Every structure is written in structure tokens, then in C-alpha cells.
Amino acid sequence: MELIDGKKIAAIIKGEIAREVERLTDKGLKRPHLAAILVGDDPASHTYVNSKSKACQEVGFESSSYKLPYDVSEKELLETVDFINNDQEIDGLIVQLPLPEHIDNHKVIEAIRPEKDVDGFHPVNVGRTAIGLPSYVSATPYGILELIMRSGIETTGKNCVILGRSNIVGKPMAVLMSRNEEPGNATVTICHSKTKDLKSVTSKADILIVAIGKPGFVTADMVKEGAVVIDVGIHRIESDKTKSGFRLIGDVKFDEVAAKASHITPVPGGVGPMTIVSLLMNTLKASKKEIYPGIDRL
Ligand code: GUN
């Protein structure tokens, strides 16, 4: 069994990005700039946005955060999005989710200019990904593709089973794994809460991508000998073995599944560290206008 070390791969990619930023600034070009809008006081969202700013700093990007109160109106939030859309200095914009209930997520995401949508959540980017045009791919699927590629795993002709059909992981992952290039060219099955006889489907997977949001859901009897197992889940559970009284686990029962897998991502240290790196890769592409070369940003 080979461990897919997301922490190590993320560090390598950060090094590559930092070198590219140096190359750009040596040529007199500006540093990539990521802006984040954060609404309210949700501690997890604050932690995420702080981690994103820290990652930007590490690779030499500029970053800015726009913090708005929980009771901000949808109109004011949309005006902030528009302000950033029109700021020439800013290459990428993310609006940290979840948003308060009085705000329509879709309306806000659709207000972001697709060429600045480095989260890859705008329907234009989702659609472009689906039809194979250059696009921003959202963080988790993009990170998983990099893990697969950089671990030398071939996907062409393989059976890929995806557990979970969310808009930000399961669905884009299915599109990417079935596209006509490597990584891709896989025969893809998406499973969800209504799938019958799940075990008979998962046990045929050469590549099993698990994003179901249930701690320890995938057990060894559901996995084929020699499968590649990618665990997207992350859950904090009580533990009497750690000082903090908690530990992190994924959607996969790691020890028993690792004994059968050819490759597996640990939790923590697998998919998680790749997500912020994906956002950095997208922001770098935005600053270089790689995805939308014909569009001159305002
Ligand atoms: N909340 C949890 N994950 C994400 C993410 O990838 N992007 C944004 N904008 N919000 C999130």
C-alpha cells in the first residue's frame, strides 16, 4: 500500500507556485492577488479565510479580506462583489460559504465575474468544465486530480466509483474522470443515498472517491483488492487517545481499507491540504489570464 501524501504534494506545488511568482515579478509583472469576502462570525469560516491568506503570503501572492456583518443585506453584498469585480488589481475573488440564510447563494456566486471565479462555482465555469473548455475547477476535485497525477496513477479505462453527488465534489469529479484525456477516460459511476446494493458497486471500483460525509462509512468489505481510495471526508470525533480529546477521521475506515488498497489518502494529510493549493493554482491562472485570455478584465 502506498500512502498518497497530500501534505507533501501540496508543499511541492506551493514551491512551484512561489517560483512562478518570482519569475513574474522579476519580469516586472504584478503579484497574483486573491480577495475573499467573509460574512458573519462563523469560526470555521474565519479559520478557512485566515488559512487562505496565510497560504497566499507563503507563495508571494497579495491577498485581501472583506469582512461584512452577519446582517449585511444581499444588496450590499452584491455591491461588494461588484466593487471587487471592477478592481483591476484583484485577479481572483471567493465568497466564503456558507452565507447567512437571508442571502441567496446562487445569486451571489453568479454575480462574480467568471474570469475571477477562482472557486470555480459560477455556472459558466461549471458548464465550461462539463464541455471540456478551459475553466476554473473547484478546489477539491482539482486537488484530487493533482494527487492522482502526481502519484503516477493511471485512470484511462479504469472503473471509477464516486460516493456522493454534491455540486462541489461528486458531480465535477464525475465530469473530470470521464473526460477524454488523462487523468480521465475512466468509466464513472456516481453513488448516492438512493443507490441500491452499494457494496456491489463500490467493490468493482479500481478508483474509489468517497465524499459522502459519514465518518468511517467505507469498510474493507466494500473495497476491491488493489483499489485506489481517495477519502474526501473530514470529521472531528472524540478520542481518549489524544491530548485534545478529539481526532480527525475520514469517510473511510482507514486501517482496514489501507490493508486492501494499492494507494490511499490519509485523513488528515490527504485531500485536505490540496484544497487551498488548488485555489492558489487557480489564482495564478487568473493573474496570467490562462483561462479567459480574450477577456480584458476591467
Ligand atoms: N466553504 C467551505 N469550502 C469552501 C470553498 O471551497 N470555497 C468557499 N468559497 N467557501 C467554502
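Counting starts at 1 for both ligands and their atoms, following the listed order. Computed from a predicted model, the values in this text were never measured in an experiment.
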**Request:** Heavy-atom distances under 4.0 Å are what count here, so tell me which part of V95 touches ligand 1: side chain, backbone, both or neither.
**Result:** backbone

**Prompt:** Which option, D119, T140, I112, owns the non-hydrogen atom nearest atom 9 (N) of ligand 1?
**Reply:** D119

**Message:** Using a 3.5 Å distance criterion without hydrogens, assess whether the side chain of S135 forms a donor-acceptor pair with backbone atoms of R128.
**Reply:** no

**Request:** Assess R31 against F61: is NZ or CZ under 6.0 Å from the centre of the six-membered ring, and within 45 degrees of the ring's axis?
**Result:** no

**Prompt:** Just checking, any donor-acceptor pair under 3.5 angstrom between side chains of H102 and D71?
**Reply:** no

**Asked** Do N125 and Y292 get their side chains close enough for a donor-acceptor pair, meaning under 3.5 Å?
**Response** yes

**Request:** Would you mind checking which non-hydrogen protein atom is closest to atom 10 (N) of ligand 1, with the distance to 0.1 Å?
**Result:** L97 N, 2.9 Å

**Message:** Pairing donors with acceptors under 3.5 angstrom, does anything connect the side chains of S151 and H263?
**Reply:** no

**Complete:** Of all protein heavy atoms, the one nearest atom 11 (C) of ligand 1 is Q96 NE2, 3.2 Å

**Asked** Less than 3.5 Å between some nitrogen or oxygen of F121 and one of ligand 1, yes or no?
**Response** no

